[in-house]
Chemist: 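The structure follows.
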Amino acid sequence: GTYSPETGETFPINMISNMNIEGEDEEITILDAMEINRVITIEDCDNNIISGTTITGGSTPIISDLNFRQEGGGIFVKSCTNLILENLKINSNSSSYGGGLYFDGCSSSTMLINSEVSNNTADYNGGGIRLWYADIIIANVLVNNNSQDGISMTTSNPIIVDSQIFNHSSDGMILLSSCFPQIKNTNIYNNSYGISIKYNSSALINNTNIINNYLGLYIFEQSQVEL
């Protein structure tokens with residue numbers, strides 16, 4: 001069913017360690033915050049699974065003294081270990097950064113797999129996914145039709161494999177500073193820029209198609225790519 005403020009649910013859902021959310025199927029189990037707040041917050045947690053669920057309608061509130069919205073409209077993740085996000089649809093959420101998902105301070109024990117991140121919006125960057133000091137694994141994920149961009153990262157070293165990143169009016173993926181991602185078996189297409197690599201970043205790209213973008217690779221300011 002659909003769980004929303006109209007059914008008495010309170011958002012955001014604040015996870016604790018060893019707590020799981022396991023829906024029946026993305027088409028059946030829907031968490032809809034109806035733009036009241038973020039959908040899920042996962043902070044300082046260990047050993048969590050969220051699966052088989054649609055995450056939608058998240059919209060972060062403004063931090064009043066800064067006139068700036070919080071990050072992570074759909075899911076906000078900070079300083080967590082052993083987190084699995086799988087078989088999710090994360091769509092139609094919004095925030096300042098990381099409209100769909102925001103990861104802060106996460107290691108490779110954090111995994112986003114077999115999921116779709118689409119039609120999310122960020123005020124600044126990371127329309128779909130924003131990584132900040134995050135070395136997560138992204139595997140078999142569709143990232144599409146987000147605004148501003150698909151995936152943005154700062155000081156992060158993710159592994160992105162078997163994924164599709166497409167239909168963004170800005171970058172499919174942008175490496176903002178000191179990033180070293182590995183991108184494997186992935187298709188990046190129909191974006192403005194396929195991948196922008198900036199400010200001392202480097203990307204290892206294997207068996208990946210970067211096609212039908214306005215510009216495939218944009219390499220700037222002491223950055224490099226290894227194919």
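The basis for the numbers below is simple: all heavy atoms, side chains too, and nothing from hydrogens, waters or symmetry mates.
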Chemist: Within the structure provided, determine whether Ile137 and Leu112 are in side-chain contact (heavy-atom separation under 4.5 Å).
Modeler: no
Chemist: Would you say Asn145 and His168 are linked by a side-chain donor-acceptor pair, where the criterion is simply a distance under 3.5 Å?
Modeler: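 There is no such pair between these side chains.
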Chemist: Consider side-chain hydrogen bond (donor to acceptor under 3.5 Å, both in side chains). Of Ser96, Ser170, Ser152, which one does Asn125 pass it with?
Modeler: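 Exactly one pass, corresponding to Ser152.
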Chemist: Would a single hydrophobic cluster contain both Ile62 and Ile36, if residues Ile, Leu, Val, Met, Phe, Trp and Tyr are joined by side-chain heavy-atom contacts under 4.5 Å?
Modeler: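 Each belongs to a different hydrophobic cluster.
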Chemist: Pairing donors with acceptors under 3.5 angstrom, does anything connect the side chains of Asn82 and Asp46?
Modeler: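 Present: a donor and an acceptor within the cut-off.
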Chemist: We want to know whether Ser196 and Asp171 form a side-chain donor-acceptor pair, criterion being a heavy-atom distance below 3.5 angstrom.
Modeler: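 Yes.
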Chemist: Parallel under 30°, tilted from 30 to 60°, perpendicular over 60°: which one fits the rings of Tyr214 and Tyr193?
Modeler: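 Tyr214 vs Tyr193 ring planes: parallel.
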Chemist: Using salt bridge (charged side-chain N to carboxylate O under 4.0 Å, His left out), reason through Arg69 and Asp123 one step at a time and then give a plain yes or no.
Modeler: CA-CA 9 Å; Arg69 289 208 292 168; Asp123 299 334; 3.0 Å; yes
Chemist: If you measure only the distance, is there a donor-acceptor pair under 3.5 Å linking the side chains of Thr56 and Asn91?
Modeler: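 Present: a donor and an acceptor within the cut-off.
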Chemist: Should Asp162 and Lys184 count as an ion pair when the cut-off is N to O under 4.0 Å?
Modeler: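 Result for this pair is no, no salt bridge flagged.
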Chemist: Do Lys89 and Glu27 meet the salt-bridge criterion of a basic N to acidic O distance under 4.0 Å?
Modeler: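 Yes, this pair counts.
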Chemist: Is the closest side-chain heavy-atom distance between Asn48 and Ile84 below 4.5 Å?
Modeler: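 Side chain of Asn48 against side chain of Ile84, heavy atoms only: no contact under 4.5 Å found.
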